[in-house]
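One structure below.
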There are 2 protein chains.
Amino acid sequence: MKNAKISNAVIKRLPRYRRYLIELRKKGVEKISSKEFSNLIGYTASQIRQDLNNFGGFGQQGYGYSVDGLYDEISAILGLDKEYRMVIMGAGNLGQAIAKYTHFHKQGFKVCGVFEISPNLIGKDLDGIEIMDYENIVEYVEEEEIDIGIICVNQNNAQEVADKLSFAGVKGIWNFAPTDIEVPKHVALENVHLSDSLHSLAYHMNDIQKKDQSKEKAKKEE
Amino acid sequence: MKNAKISNAVIKRLPRYRRYLIELRKKGVEKISSKEFSNLIGYTASQIRQDLNNFGGFGQQGYGYSVDGLYDEISAILGLDKEYRMVIMGAGNLGQAIAKYTHFHKQGFKVCGVFEISPNLIGKDLDGIEIMDYENIVEYVEEEEIDIGIICVNQNNAQEVADKLSFAGVKGIWNFAPTDIEVPKHVALENVHLSDSLHSLAYHMNDIQKKDQSKEKAKKEE
DNA sequence: TAGATTGTTAATCGATTAACAATC
DNA sequence: TAGATTGTTAATCGATTAACAATC
């Protein structure tokens, strides 16, 4: 494995490669060339080879890539050969939904507990996961060896919660609050800005309509 | 407003500009220079000016940008001066959470209905939003003039639901299913691949740890 | 008018694509 | 050995940054 800094653009493509490899495996496909993979996934064959060669030579000349082998390699690169222990901060709609969503659990990301400040919610059970008092988050993270904190509190409290989680010693923060937060450099941060995503969708919807309208206009003027 | 194709990198930054402008407005700030904005938001002043000039000259030489004015311009560019009517496909945990999440509603994105295939859920009420039968989605979209379909069904049904929504005439699809779907070119598509995001977080967590370890090793070898 | 800051052109940087020698 | 396909270098493309004339 090489040592140079891998660009984020490459990292963002890895989970997608992995998803397609899972599908191929399901279908019993044993090998795939970069060209075949390109047709399937929509990246150029060249880009696929470049991306993979950031991490090592996983292919074999004249043959292609082993589907199983590549799947294992990418999983290892992403760190998906480990288990992760997570806490959810905030038991609002989103926090509760993520707590109940089994999809992550199946992939090795386990929600261990949910933390709340509201007394109405503390003590409740979410499909077997307890809602606990925000007061106790620091000791819980230490004792239960929590890796990841998921921020589902509102905008105004997001930074404070992030600070607390960082202090408590999580290695990563997954932020769903619609605001930018700052974390120490030894903590990894991934944002899911749902509103931003929706706004981007709105832009593209309007863009398509605008183009259609100008096309129609051009047609009439003919 | 210019006509050249705007790159997606620019579009993705617009909601973020807008968020910071909202904060500035709250604080009563009236004008901001690209340099001041740069310090705040973390993009270079040059990039800010480049980005904005894709859409028009919103600033004034020697002065800067009007916070209010720029907010309005960006909102209009994104199409946030309109209201959007949405349906949620799938009343699982995620679908229910989004239905109840008031944040989007406040920004002009209204969830009008939720659609399900499971008889146990059809007819139920989610904070005033009815869960309806998937059978009736096409006529509902037409009659209620739905703009956006939100896909919260599982991976295996996502493409079928997307096809149905496209046929029914939505202008945009917001996909939360952990798979890639295809839509006709007159339909805008925005994906929220939560698993991919989590995998990317895992990578960065491991990357930080690896670097820390090699640093420590280098220290010991001194 | 002088100072500040934009709008815009030019330079740089990084990411993607193309080409091809290496090799299975 | 011949054919296929990788790994990798070189070329291209696009996005970001720097520079500066225009102008408020």
Side-chain angles (χ1 to χ4, degrees), chain A residues 1-17 20-21 24 29-74 77 200 203 207, chain B residues 1-17 20-21 24 29-74 77 200 203 207:
Chain A
M1 208 178 281
K2 293 168 192 186
N3 226 39
K5 167 82 183 148
I6 312 291
S7 90
N8 207 248
V10 175
I11 306 308
K12 288 280 176 194
R13 282 192 291 270
L14 293 180
R16 188 173 149 125
Y17 286 125
Y20 280 86
L21 289 165
L24 288 166
V29 179
E30 284 183 9
K31 69 133 197 156
I32 192 161
S33 71
S34 57
K35 203 181 161 193
E36 291 166 322
F37 208 2
S38 170
N39 290 334
L40 196 65
I41 201 170
Y43 304 138
T44 64
S46 202
Q47 178 158 69
I48 293 168
R49 295 203 301 278
Q50 282 282 27
D51 280 354
L52 299 177
N53 274 92
N54 280 301
F55 304 98
F58 302 143
Q60 194 176 339
Q61 276 114 326
Y63 175 81
Y65 299 86
S66 145
V67 169
D68 265 9
L70 195 53
Y71 170 81
D72 289 343
E73 293 284 2
I74 292 180
I77 292 164
S200 170
Y203 174 86
D207 195 42
Chain B
M1 209 176 278
K2 293 166 191 188
N3 226 40
K5 168 83 183 150
I6 312 292
S7 89
N8 208 248
V10 175
I11 306 307
K12 288 278 174 197
R13 282 192 291 270
L14 294 180
R16 187 171 150 128
Y17 286 125
Y20 280 86
L21 289 166
L24 287 166
V29 179
E30 284 184 10
K31 69 134 199 155
I32 192 161
S33 71
S34 59
K35 203 180 162 194
E36 291 166 321
F37 208 3
S38 171
N39 290 334
L40 196 64
I41 203 171
Y43 304 138
T44 64
S46 201
Q47 178 158 68
I48 293 168
R49 294 201 301 278
Q50 283 281 28
D51 281 354
L52 298 177
N53 274 93
N54 280 301
F55 305 99
F58 301 144
Q60 194 175 340
Q61 276 114 326
Y63 175 83
Y65 298 85
S66 145
V67 169
D68 264 9
L70 195 53
Y71 170 81
D72 289 343
E73 292 284 3
I74 291 180
I77 292 164
S200 170
Y203 174 87
D207 195 43

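Each chain gets a letter, A, B and so on, in the order its sequence line appears, and its residues count up from 1. Owing to the predicted nature of the structure, the values given are computational and were not obtained by experimental measurement.
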* Asked: Tell me: CZ of A:F58 to P of D:dG7, nearest whole Å?
  -> 9 Å
* Going by heavy atoms in the side chains, are B:I6 and A:D207 under 4.5 Å from each other? -> no
* To do: Look through every strand shown and name the nucleotide pairing with D:dT12 as Watson-Crick or G-U wobble, where both distances are under 3.5 Å.
  => C:dA15
* Asked: Within less than 4.0 Å of OP1 or OP2 of D:dG7, is there a side-chain N or O belonging to A:Y65?
  -> yes
* To do: Look at B:Y63 and C:dG7 and indicate whether a side-chain polar atom (N or O) is within less than 4.0 Å of OP1 or OP2.
  => no
* Can you tell me how far P of C:dT5 sits from CD of B:Q60, to the nearest Å? -> 12 Å
* To do: Between protein and nucleotides 14-21 of chain C, map the contacts as a letter string: B base, S sugar-phosphate only, - none, heavy atoms under 4.0 Å, written 5' to 3'.
  => -SSBBBB-
* Asked: Just how far, in rounded Å, is P of D:dT8 from CG of A:N54?
  -> 11 Å
* **Flag side-chain contact, heavy atom, 4.5 Å: B:R49 against B:Y65** => yes
* Donor-acceptor pair, B:R16 side chain versus B:I41 backbone, under 3.5 Å? -> yes
* B:S66 (side chain) donor-acceptor with B:K31 (main chain) under 3.5 angstrom -> no
* Asked: What's the CZ-P distance between B:F37 and C:dG7, to the nearest Å?
  -> 14 Å
* Are the side chain of A:E36 and the backbone of A:S33 linked by a donor-acceptor contact shorter than 3.5 Å? -> yes
* In whole angstrom, what separates A:K31's NZ from C:dC24's C1'? -> 12 Å
* Judged by modelled atom types alone, do A:Y17 and A:D51 share a side-chain donor-acceptor pair under 3.5 Å? -> yes
* **4.5 Å side-chain heavy-atom contact, A:V10 and A:F55** => yes
* Asked: Does C:dT5 have OP1 or OP2 sitting under 4.0 Å from an N or O in the side chain of B:S34?
  -> no
* To do: Both distances under 3.5 Å, Watson-Crick or G-U wobble: report the partner of D:dT23, or none.
  => C:dA4
* Structure fact -> B:L52 atom CG is separated from C:dT8 atom P, nearest whole Å, by 12 Å
* Between P of D:dT6 and CD1 of A:I48, the distance in whole Å -> 9 Å
